[in-house]
Amino acid sequence: DGVACRTAAMIAPRFAPMCSMDLMQGLAELATRHDALIASHIAETLGECDLAAAAHRGLPYPRIYEQAGLLGPRTLLGHGIHLDALGREILARTGTTIVHCPTANRFLGSGMMNRPALTAAGVHLALGSDLGAGGERSMVRVARAMLEAARVWGQPPSAAHAWWQITVGNADALGWCNAGRLAAGAEADLLALRPTEGWEQCAHPLERLLFAWDDRWLRAAWVDGQPAWPRSD
């Protein structure tokens with residue numbers, strides 16, 4: 001229909017407890033051959049960590065993926081709640097991204113991701129909805145939940161960082177260097193909003209927009225400069 005689509009092929013083993021080492025190594029080779037993204041889960045629950053160790057000779061969870069060749073800058077692993085210092089070091093060293101899914105974690109009672117520990121270790125972070133478990137489609141509300149979860153561990157990121165995370169931050173995690181940002185030469189993926197909150201004169205306008213967010217503010221959308229919603233046709 002003339003509108004570009006922000007999609008990419010992914011190699012997606014369910015997770016280590018349900019996959020043999022041979023299968024995961026074969027998937028890693030496939031991903032390398034096609035320069036594909038890799039997506040899976042890691043350390044969402046303590047029970048899952050126990051299952052992974054039992055299935056792979058007691059190996060620490062991140063070490064399983066490392067031996068399979070699945071870790072690296074093109075890999076995104078959901079959750080990462082129950083990671084120890086060794087796990088954080090492995091993920092940071094390999095350039096692997098943890099995708100924080102705060103609304104899903106809260107819904108399932110999985111725990112709160114220790115964002116300060118991951119960032120201090122140098123682990124790359126992205127933000128996701130994990131819609132199958134979380135039930136929240138609005139990435140603005142997911143970003144708000146990210147701040148609420150981080151507050152458990154101390155000072156949360158700023159509202160400005162939350163907006164960055166669901167735009168530039170997530171685009172960079174996928175390797176989409178020309179998306180998610182307003183910059184010369186970038187693809188024009190744009191939303192037009194009409195907030196009903198008085199935010200322009202606030203001391204912290206981005207904070208007001210984040211915490212007062214209403215999906216009904218959305219008036220139009222463009223993908224790569226082409227109208228995506230509402231459509232003229």
Side-chain angles (χ1 to χ4, degrees), residues 3-8 39 44 76 78-81 97-108 110-116 118-119 124-183 186-231:
V3 176
C5 188
R6 299 290 171 266
T7 59
E44 183 177 8
L76 300 100
H79 308 298
I81 298 173
T97 295
I98 287 291
V99 183
H100 185 202
C101 303
T103 54
N105 299 156
R106 182 175 60 199
F107 178 78
L108 295 177
S110 304
M112 295 285 189
M113 190 193 80
N114 191 336
R115 186 183 187 90
L118 286 163
T119 55
H124 299 302
L125 297 177
L127 189 63
S129 64
D130 191 16
L131 187 57
E136 180 56 77
R137 298 177 63 185
S138 169
M139 286 305 296
V140 179
R141 285 191 284 272
V142 171
R144 189 168 63 202
M146 175 190 76
L147 302 190
E148 294 166 354
R151 186 170 282 115
V152 172
W153 303 99
Q155 184 65 32
S158 65
H161 182 87
W163 287 108
W164 173 88
Q165 184 68 80
I166 60 176
T167 52
V168 178
N170 276 4
D172 285 352
L174 292 167
W176 294 351
C177 60
N178 290 324
R181 68 206 75 208
L182 294 173
E187 296 159 346
D189 299 339
L190 306 169
L191 299 177
L193 307 175
R194 185 176 296 163
T196 55
E197 287 287 321
W199 61 277
E200 299 95 327
Q201 305 304 319
C202 289
H204 303 286
L206 292 179
E207 193 171 285
R208 171 65 69 88
L209 291 174
L210 182 72
F211 285 97
W213 177 262
D214 188 329
D215 292 338
R216 292 171 293 184
W217 293 352
L218 182 60
R219 290 292 183 263
W222 294 263
V223 176
D224 199 19
Q226 300 299 312
W229 181 85
R231 297 295 299 277

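- If you take CH2 on W229 and CZ on R219, they are separated by 7.5 Å, rounding to the nearest 0.5 Å.
- Residues W222 and A192 come closest through the heavy atom pair CZ3-CB, 3.8 Å.
- In this structure, CH2 in W164 is found 6.5 Å from CG in D172, a value given to the nearest 0.5 Å.
- Side-chain contact between E44 and L108: present, with at least one pair of heavy atoms (C-beta onward) separated by less than 4.5 Å.
- By the 6.0 Å contact criterion, CD on E200 is enclosed, its count of non-hydrogen atoms from other residues, nucleotides or ligands being greater than 12.
- Minimum interatomic distance between A104 and S129 (heavy atoms only, all atoms of both residues): CB-O, 3.9 Å.
- Nearest heavy atom pair, residue A143 against residue L127, reads CA-CD2, 3.5 Å.
- Between T167 and R181 there is no side-chain heavy-atom pair separated by less than 4.5 Å.
- The backbone N or O of D224 sits less than 3.5 Å from a side-chain atom of D189, completing a donor-acceptor pair.
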side-chain hydrogen bond (donor to acceptor under 3.5 Å, both in side chains) assessment of N178 paired with W176: CA-CA 6 Å; N178 290 324; W176 294 351; over 6 Å; no

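- The closest side-chain heavy-atom distance from W163 to V140 is below 4.5 Å.
- Residues L209 and W199 approach most closely at CD2-CG, 3.7 Å, considering heavy atoms.
- Scored by the side chain to side chain donor-acceptor pair (under 3.5 Å) test, W217 finds T196 as partners (sequence neighbours excluded).
- Among residue pairs with one or both ends in residues 150-161, those qualifying as side chain to side chain donor-acceptor pair (under 3.5 Å) are R115-H161; sequence neighbours excluded.
- Of all heavy-atom pairs spanning I81 and S110, the tightest one is CD1-CB, 3.7 Å.
- Side chains of E148 and R106 form a contact here, defined as non-hydrogen atoms less than 4.5 Å apart.
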Steps toward side chain to side chain contact (heavy atoms under 4.5 Å, CB included) verdict (L147, L210): CA-CA 11 Å; L147 302 190; L210 182 72; 3.6 Å; yes

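- With a 4.5 Å cut-off on side-chain heavy atoms, H124 and I98 do not count as touching.
- The distance from the CG atom of D214 to the CD atom of E197 is 9.0 Å, given to the nearest 0.5 Å.
- Residues N170 and M139 are in side-chain contact: their nearest non-hydrogen atoms beyond the backbone lie under 4.5 Å apart.
- Put simply, the side chain of V142 reaches to within 4.5 Å of the side chain of E136, judged on heavy atoms.
- A heavy-atom distance below 4.5 Å is not found between the side chains of N105 and M112.
- Checked by atom type and distance alone, the side chain of R137 never pairs as donor or acceptor with a backbone atom of L131 at under 3.5 Å.
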Verdict with supporting geometry, I166 and M146, side chain to side chain contact (heavy atoms under 4.5 Å, CB included): CA-CA 11 Å; I166 60 176; M146 175 190 76; over 6 Å; no

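- The nearest pair of heavy atoms linking A149 to P102 is CB-CB, 4.5 Å.
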